[in-house]
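Every chain is numbered from 1, with letters handed out A, B, ... down the list of sequences.
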Amino acid sequence: MAAATTGSTGSARTSGGSTRKPTSTANASGRPTRRLVIVESPSKAKKIQPYLGNDYVVESSVGHIRDLPRGAADVPAKYKGESWARLGVDVDNQFSPLYVVTPEKRSTVSELREALKTVDELLLATDPDREGEAIAWHLLETLQPKVPVRRMVFHEITESAIRAAAENTRELDQHLVDAQETRRILDRLYGYEVSPVLWKKVMPKLSAGRVQSVATRLIVQRERDRIAFRSAEYWDIAATLDAGEKATPRSFGARLLQVDDKRVATGRDFDSLGQLKKGSAEVVTLNEAEARRLAEGLQDRPMEVASVDSKPYTRKPYPPFMTSTLQQEAGRKLRFSSERTMRSAQRLYENGYITYMRTDSTTLSATAIEAARSQARELYGDAYVADSPRQYTRKVKNAQEAHEAIRPAGESFRTPGAIAREVDGDDFRLYELIWQRTIASQMNDARGTTVSIRIAGTAGTGENVVFGASGRTITFPGFLKAYVETVDDGSADQADDAESRLPELTRGQGLTATELVPDGHSTSPPSRFTEPALVKAMEEMGIGRPSTYASTIKTILDRGYVWKKGSALVPSWVAFAVVGLMEQHFGQLVDYDFTAAMEDDLDSIASGDDSRVHWLSGFYFGTDGASSGSEIARAGGLKKLVGSNLEEIDARTVNSIPMFADAAGNDVVVRVGRYGPYLERIVDGESQRANLPDDLAPDELSEEIAEKLFSVPQEGRKLGTDPVTGHEIVAKEGRFGPYVTELLPEPEVPEGAKKKPAKPKPRTGSLFKSMTVDTITLEDALRLLSLPRIVGTDPDSGDEITAQNGRYGPYLKKGTDSRSLSGEEQLFTVTLSEALEIYKQPKQRGRAAAAPPLRELGEDASTQKKMVIKDGRFGPYVTDGETNASLRKGDSVEEITDERASELLAERRAKAPAKKTTTRKPAASKSTAAAKKTTTRSTAAKTTPTKSTGTRTRKTPTT
DNA sequence: CAGTGAGCGAGCTTCCGCTTGACTT
């Protein structure tokens, strides 16, 4: 049984299990039974309504209506204090999820509630898959219908299918709902527990997730392969052979295949690192000299046809589109990004041109098959149409198949020409692609012949050689007439409709080589992922869903894990750091088979063989004994990995990506710093650093480029030369913001000196707030470098007073006594007497206290203290003099009410660490703080049973 | 990645899947 919902008053679990069959009999009031049908998509609702007639009201949920809270702002006040509020899942209490109606769905929900009032029965007709079942359950929980409820399922949107579905309803499948909920909670735990690890160890705002982390890993791994790649050279010989004047074509090309019974290496004999594969002992690799010598030796030698092998060639049409193949082909043929493809497809769908665009099925309905066949017949003739209808059942990993393939809508298809007036641009081109592919899928195989010829000869130097040539002729193009798939590298001669013709030859026939050209090749690195290629890889691995391929790509782009160079996806250095961390410390979570294993486990939950709580317990808390559970469960569970194991993760190591050793043998390392990636190496115990340019792809970082970067002094804008010292002055961005500094000439090493003289430190100075690196003048820079300025001497103490710029802005310094200055210009203008005047004032105790409140409020509800709004370093906050609480998103200084202010203060008080209670072990290291916090919180939750139980009790049996 | 002296209010970031408008310039 699925989770009882937190946040809703315990619902009748049986409401979905009404066994009453819908009838068409009249109800008590004498009118016919009215039914509300809820589907997921508004356009689907519109389409179905006329099929069902006036006794039905068809509405849509517009996808999911509830979800776990995204963050603190979504958590209802009632649960705010709970230890698990951040996760939205009470892990200590049977993993009870807290569901909230998604803010933008509130109006949808109230509309559905209204509609429900007018009917006698509810039919939940969400998609027939795991997510659809869950949406149906959420609708049930949220709407709390008083009328009977049934689950309606259909796989095809035709009148007969819809009517049949309305007559043959079933109960909600709680096991399937459980499987979905398990998936949802797993993803939440993974994402919300692992991401904070990245914030602590790498950079804030990064993210990890079951899908995005594996996608990122794929891209990083490919780049690593490219970095490790060493191009290898191999040679062969390209021959042009003459078959005699009667032959057509008379001459043709052939390539050297064998030398003395050993196969000549081709590209396929090299691995992804560019080196000859192991086990290729039987292969001979020719170098240039050998190839030249052999070509010469073959000059004017007789050749003869050793074999002619002719085979029939047939090629079946490609299956109709599903989301992933549509994105791939639109990417290759139209150069659309995944997002662009989906945006266009959405428009076509909404306007009734195509069927649903988020699908993992290649199935066509019977009417669609008929439409495609009749249109193919019309356009190309009977011979081109397949003898019998073709159904494509190629199973995609983890496919849910809730929808049809993507095809032109309707019972007869409109040709691209027919819609050209209504649709243009991207939409037209995409429709054309879909239309062609659909038509082609019902056409006949392409047929032809492939011929493979071997030609033997002996070189003057004694080697026996074999040349090979192959040809393909297409005698009947079949479906190729309508649609040819584009190959990844864009080469036309690899395409399915490519032809190459050979003359008719017979065994033993003599040939002469008119040309023998030694031909050099070099292996090239595996190419980077493009968007379509990544989508294909994800689909093959079963990670991500049709509705998320495009958004996953967007996510990894947004996080800065990946950037686009043309159409190639290039990983950032941050991605290297994050993937490295994940592989090292969360290996099970980024395993390429993790999702596949999860899907199997979800299947056993869906079938009732496993339970949600049992599975999640293993995942989160680990399992004893190695006999059962997932990899992560055996490793002790996620909680341990993000908790006590955290201190094992060394941030410095994680953020260091070793590259290579330079000529002197020093290791060159890329470091991912707070302010971007930079190179570092240690030379003679001294650290050398260099910024990495943003547009340098990791695989382009060669030793040569590294040396160049090291040799360039830290870039910065050159402002000119200091007339006094002759030093060049530059402005650049630094750790503490923009600053100016001088470039000192290399100190001369005196003859015979044992040690290098100590490097003199260059002068530096932070820019004023009014200045920028791009606009600062040499004059300003020299003024900044002149700081600190000696203002004068305190006549009382004899101490020197200086004016300088610091971390908190401009200030005066006299020994250890300091005073802030009000403006940066004052650094140059303040006089000794003004300075002494300032020193007469007592030291300001905190700027916040000195600043007047932004607004005054009434008394706090609980403490009866006066509340005021103040502006602080972190923005406006409310204080009652004791407790301070920042205003949240949505609160404004002008509009906040006393009630809201009190609420914020109360929340803050509740969160404040208990001051007098425990005196725990001091000096908790930064990395263990999180783990500790969790412990404290869960204890608190247990000691206040009234809060953590109540409406949230669940009946799920524990396994 | 430059290096200089206070004391003070943090809160938020993040996942995967299902669906489309409603916003602003």
Side-chain angles (χ1 to χ4, degrees), chain A residues 40-44 60-65 67-68 70-73 86-88 102 104-105 108 126-127 129-132 134-135 138 180 183-196 198-199 203-213 346 350 358 543-548 551-552 555 559 671 673-676 678 680 687 689-691 714 732-737 739-741 761-766 788 804-809 811 813 816-820 843-849 870-879 883-886 888-889 908 911:
Chain A
E40 288 180 38
S41 141
S43 21
K44 209 185 216 179
S60 64
S61 72
V62 202
H64 271 291
I65 53 158
D67 194 11
L68 301 173
R70 273 193 319 270
R86 190 186 67 86
L87 283 174
T102 321
E104 58 269 27
K105 291 293 164 54
T108 310
T126 47
D127 291 351
D129 58 14
R130 198 165 63 209
E131 294 297 326
I135 293 174
H138 280 296
Q180 189 275 347
R183 198 277 309 153
R184 179 69 191 91
I185 293 173
L186 155 72
D187 283 333
R188 169 53 62 94
L189 294 174
Y190 185 149
Y192 275 38
E193 292 285 44
V194 180
S195 297
L198 302 180
W199 306 341
M203 224 185 253
K205 298 193 177 185
L206 295 178
S207 61
R210 176 173 55 81
V211 174
Q212 60 168 291
S213 293
Q346 175 89 30
E350 281 171 12
R358 290 184 280 263
I543 61 165
R545 303 276 315 136
S547 62
T548 61
S551 59
T552 299
T555 298
R559 296 281 171 279
R671 283 194 192 284
R674 250 189 129 58
Y675 307 95
Y678 60 97
E680 186 178 43
S687 153
R689 291 168 167 156
N691 279 323
Q714 298 282 340
K732 50 188 187 178
E733 294 288 337
R735 237 195 326 165
F736 313 116
Y739 70 106
V740 288
T741 186
K761 278 190 179 169
R763 293 173 294 163
T764 62
S766 283
Q804 51 199 300
N805 213 352
R807 191 175 163 193
Y808 308 107
Y811 68 106
K813 187 175 167 164
T816 55
D817 196 10
S818 67
R819 292 287 189 284
S820 283
K843 208 164 178 162
Q844 292 286 326
R845 302 292 301 175
R847 275 193 228 168
K870 289 182 174 179
D871 197 17
R873 276 192 298 169
F874 309 115
Y877 65 101
V878 57
T879 178
T883 310
N884 305 309
S886 284
R888 305 281 178 76
K889 269 184 224 164
R908 182 76 196 95
K911 261 200 181 171

Quick one: label [X] by what it contacts on the DNA or RNA (base, sugar-phosphate, nothing), any heavy atom closer than 4.0 Å.
X      : answer
A:Y192 : base
A:S195 : base
A:T555 : sugar-phosphate
A:P788 : nothing
A:L68  : nothing

(request) For A:P762 and for A:H64, find the nucleotide of DNA chain B with the closest heavy atom, then tell me which residue's nucleotide is more 5'. (result)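 With A:P762 and A:H64 compared, the 5'-side residue is A:P762.
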
(message) Let me spell it out: for each of A:A208 and A:G132, pick the nucleotide of DNA chain B with the closest heavy atom. Which residue's pick is nearer the 5' end?
(response)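 Going by which nucleotide is closer to the 5' end, it is A:A208.
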
Would you tell me if any nitrogen or oxygen in the side chain of [X] comes within less than 4.0 Å of OP1 or OP2 on [N]?
X      : N      : value
A:R559 : B:dC15 : yes
A:Q180 : B:dG17 : no
A:T879 : B:dG9  : no
A:S547 : B:dC18 : yes

[X] has an atom [atom1]; how far is it from atom [atom2] of [N], in whole Å?
X      : N      : atom1 : atom2 : answer
A:Y811 : B:dG7  : OH    : C1'   : 15 Å
A:R184 : B:dC18 : CZ    : C1'   : 11 Å
A:K205 : B:dG11 : NZ    : P     : 16 Å
A:L87  : B:dC16 : CG    : P     : 15 Å
A:D129 : B:dG17 : CG    : C1'   : 10 Å
A:R130 : B:dC16 : CZ    : P     : 14 Å
A:Q212 : B:dG17 : CD    : P     : 11 Å
A:R70  : B:dG11 : CZ    : P     : 20 Å

(request) Kindly confirm whether the side-chain ring of A:W199 is stacked on the base of B:dT14, judged by centres under 5.5 Å and planes under 30°. (result)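 A:W199 ring does not meet the centre or angle cut-off for B:dT14; no stack.
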
(request) Mark this stacking check for A:Y877 against B:dA10 as yes or no, applying ring centres under 5.5 Å and ring planes under 30°. (result)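 No, A:Y877 does not stack on the base of B:dA10.
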
(message) Quick check for you: among B:dC18, B:dT13, B:dC16, whose closest atom lies nearest to any side-chain atom of A:D127?
(response) B:dC18

(message) Can you tell me which nucleotide in B:dT4, B:dA2, B:dG17 comes closest to the side chain of A:K813?
(response) B:dT4

(message) Suppose we call a contact any N or O donor and acceptor under 3.5 Å apart; does that hold for the side chain of A:R188 and the base of B:dC15?
(response) yes

(message) Check this for me: does the side-chain of A:R545 come within 3.5 Å of the base of B:dC16 through a donor and an acceptor?
(response)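 No, the side chain and the base share no sub-3.5 Å donor-acceptor pair.
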
(message) Working note: A:S195 + A:S207, criterion side-chain contact (heavy atoms from CB on, under 4.5 Å); need CA distance, chi angles, decisive distance, verdict.
(response) CA-CA 5 Å; A:S195 297; A:S207 61; 4.0 Å; yes

Quick test: give all pairs of protein nitrogen or oxygen and nucleotides 20-22 of chain B nitrogen or oxygen below 3.5 Å, distance rounded to 0.1 Å.
{"unit_1": "B:dT20", "atom_1": "OP1", "unit_2": "A:S41", "atom_2": "OG", "d": "2.6"}
{"unit_1": "B:dT20", "atom_1": "OP2", "unit_2": "A:Q346", "atom_2": "NE2", "d": "3.1"}
{"unit_1": "B:dT20", "atom_1": "OP2", "unit_2": "A:R358", "atom_2": "NH2", "d": "2.9"}

(message) Please determine whether a side-chain nitrogen of the Lys or Arg among A:D67 and A:K105 lies less than 4.0 Å from a carboxylate oxygen of the Asp or Glu.
(response)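 Result for this pair is no, no salt bridge flagged.
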
(request) Identify whether the distance between the nearest side-chain nitrogen and carboxylate oxygen of A:R184 and A:E131 falls below 4.0 Å. (result)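 Salt bridge flag = no for A:E131 with A:R184.
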
